[in-house]
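Written below as C-alpha cells is the structure these notes are about.
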Amino acid sequence: MANILPAKTKYRKVHKGRNRGNATSGNTLAFGDFAIQALERASMTASQLEAARVAITRHLKRKGRVWMRVFPQKPVTKKPAETRMGKGKGPVEFWAVSVRPGNILFEVSGAPSGTVREAMRLADRKLPFRCRFVSREEQEQY
C-alpha cells in the first residue's frame, strides 16, 4: 500500500492546533455525482484515507471516476515509548488530515447509484467517524 504524503513541506513539524467549527469550503459536490460527507470532526490518518479509497475503487471495478477531496498535509509526531520528559519534540510518525463536519471526502461519477452507494458504505466502515451519502440531486433540492 502506497503511503500518501506531501512531496514537500515548508516545515518538518507543526503545532497540534484546534479543529473547531464546521467545514466552510469543500462542503459541496464539485466534480462527481455522488459523494461521502463527514458528519463528525476527527483526525484521519493517511492509511485510513488510502484504505477507504481502495475500498471504493475495488467495489466499483474500474467503472466510474473517483476524486479524493482531502489530503493528509499535517505531520503528526510521536516520541518513542519509555522516553523521559523533555529532549524536544519526537520524529514524524504519520501524516493526517483534520476533518470537520461537512467535509466532502470522496466523489464518484460515471457509475450506477446503487453500486456507488455500496462502495461508499464500505469506505465509511474504514473511517474513524460517521459519514453520509450525498448525491447531486439531493444537493440541488436545498
Side-chain angles (χ1 to χ4, degrees), residues 1-81 83 85-142:
M1 179 159 65
N3 197 8
I4 306 170
L5 61 129
K8 185 180 169 187
T9 55
K10 190 169 183 179
Y11 299 105
R12 198 161 46 98
K13 301 172 186 177
V14 298
H15 292 306
K16 190 175 286 186
R18 294 287 171 266
N19 190 12
R20 299 190 307 209
N22 296 333
T24 53
S25 63
N27 58 357
T28 56
L29 281 161
F31 305 103
D33 299 322
F34 307 103
I36 187 169
Q37 186 177 37
L39 294 175
E40 299 174 2
R41 79 186 72 252
S43 184
M44 180 171 47
T45 67
S47 56
Q48 289 167 341
L49 188 67
E50 178 66 7
R53 187 194 65 78
V54 167
I56 292 170
T57 53
R58 285 224 174 114
H59 188 77
L60 292 177
K61 294 178 184 162
R62 296 177 54 148
K63 293 180 181 75
R65 174 128 188 237
V66 180
W67 288 270
M68 200 165 67
R69 293 284 307 273
V70 291
F71 188 81
Q73 294 180 331
K74 189 174 186 180
V76 178
T77 61
K78 189 176 177 188
K79 295 189 85 167
T83 305
M85 294 274 105
K87 306 272 192 294
K89 196 169 181 174
V92 173
E93 190 78 8
F94 59 90
W95 293 83
V97 55
S98 293
V99 177
R100 292 175 170 176
N103 270 128
I104 298 287
L105 307 174
F106 294 96
E107 290 189 32
V108 178
S109 70
S113 174
T115 310
V116 174
R117 189 178 288 272
E118 178 62 18
M120 294 298 192
R121 187 190 68 77
L122 292 171
D124 186 14
R125 306 308 324 144
K126 307 285 183 193
L127 302 175
F129 47 84
R130 291 185 307 119
C131 299
R132 72 181 186 129
F133 182 77
V134 182
S135 66
R136 196 169 287 283
E137 291 84 41
E138 288 176 20
Q139 199 172 34
E140 289 170 356
Q141 288 175 358
Y142 297 113

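Quick note: residue numbers are just sequence positions, from 1.
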Between Ala123 and Ala52, the two heavy atoms sitting closest are CB-O, 3.7 Å
Exactly one candidate in Val99, Leu105, Leu39, Ile104 meets side-chain contact (heavy atoms from CB on, under 4.5 Å) with Cys131; the answer is Leu105
With sequence neighbours left out, the residues meeting side chain to side chain contact (heavy atoms under 4.5 Å, CB included) with Val92 are Lys13, Pro75, Thr77, Trp95
(Q) Does atom NZ (Lys74) have a neighbourhood of more than 12 heavy atoms from anything else shown, all under 6.0 Å? (A) yes
Hits for side chain to side chain contact (heavy atoms under 4.5 Å, CB included) against Pro101, two or more places apart or cross-chain, chain-then-number order -> Asn22, Arg41
query = Is a donor on one side and an acceptor on the other found under 3.5 Å between the side chain of Lys79 and the backbone of Met85?
reply = no
Thr57 and Val54 have their tightest heavy-atom pair at OG1-O, 3.1 Å
Those residues at least two apart in sequence (or on a different chain) that pass salt bridge (charged side-chain N to carboxylate O under 4.0 Å, His left out) with Asp124 are none
Donor-acceptor under 3.5 Å (Gln37 side chain, Gly102 main chain):
yes
Sorted by chain and residue number, the side chain to side chain donor-acceptor pair (under 3.5 Å) partners of Glu118 (sequence neighbours excluded) come out as Arg121
The side chain to side chain donor-acceptor pair (under 3.5 Å) partners of Arg65 (sequence neighbours excluded) come to none
Gln73 meets the side chain to side chain donor-acceptor pair (under 3.5 Å) criterion, sequence neighbours left out, with none
The complete set of ring-ring contact (aromatic ring centres under 6.0 Å, His included) pairs with one or both residues in residues 96-139, sequence neighbours excluded, reads Phe34-Phe133
Applied to residues 97-116, the side-chain hydrogen bond (donor to acceptor under 3.5 Å, both in side chains) test, sequence neighbours excluded, yields Asn19-Arg100, Arg69-Glu107
Sorted by chain and number, sequence neighbours left out, side chain to side chain contact (heavy atoms under 4.5 Å, CB included) with Pro91 holds for none
Derivation of the side-chain contact (heavy atoms from CB on, under 4.5 Å) call for Val116 and Leu60:
CA-CA 7 Å; Val116 174; Leu60 292 177; 4.2 Å; yes
For Arg58, the salt bridge (charged side-chain N to carboxylate O under 4.0 Å, His left out) test, sequence neighbours excluded, returns none
Give a yes or no answer on whether the side chain of Lys126 reaches the backbone of Arg53 with a donor-acceptor pair at less than 3.5 Å.
-> no
Hits for ring pair (Phe, Tyr, Trp, His ring centres under 6.0 Å) against Phe31, two or more places apart or cross-chain, chain-then-number order -> Trp67
OG (Ser135) and CG (Asp33) are apart, to the nearest 0.5 Å, by 9.0 Å
Rounded to the nearest 0.5 Å, the CG atom of Leu49 sits from the CZ atom of Phe71 at a distance of 8.5 Å
Sorted by chain and number, sequence neighbours left out, side chain to side chain contact (heavy atoms under 4.5 Å, CB included) with Lys78 holds for Glu93
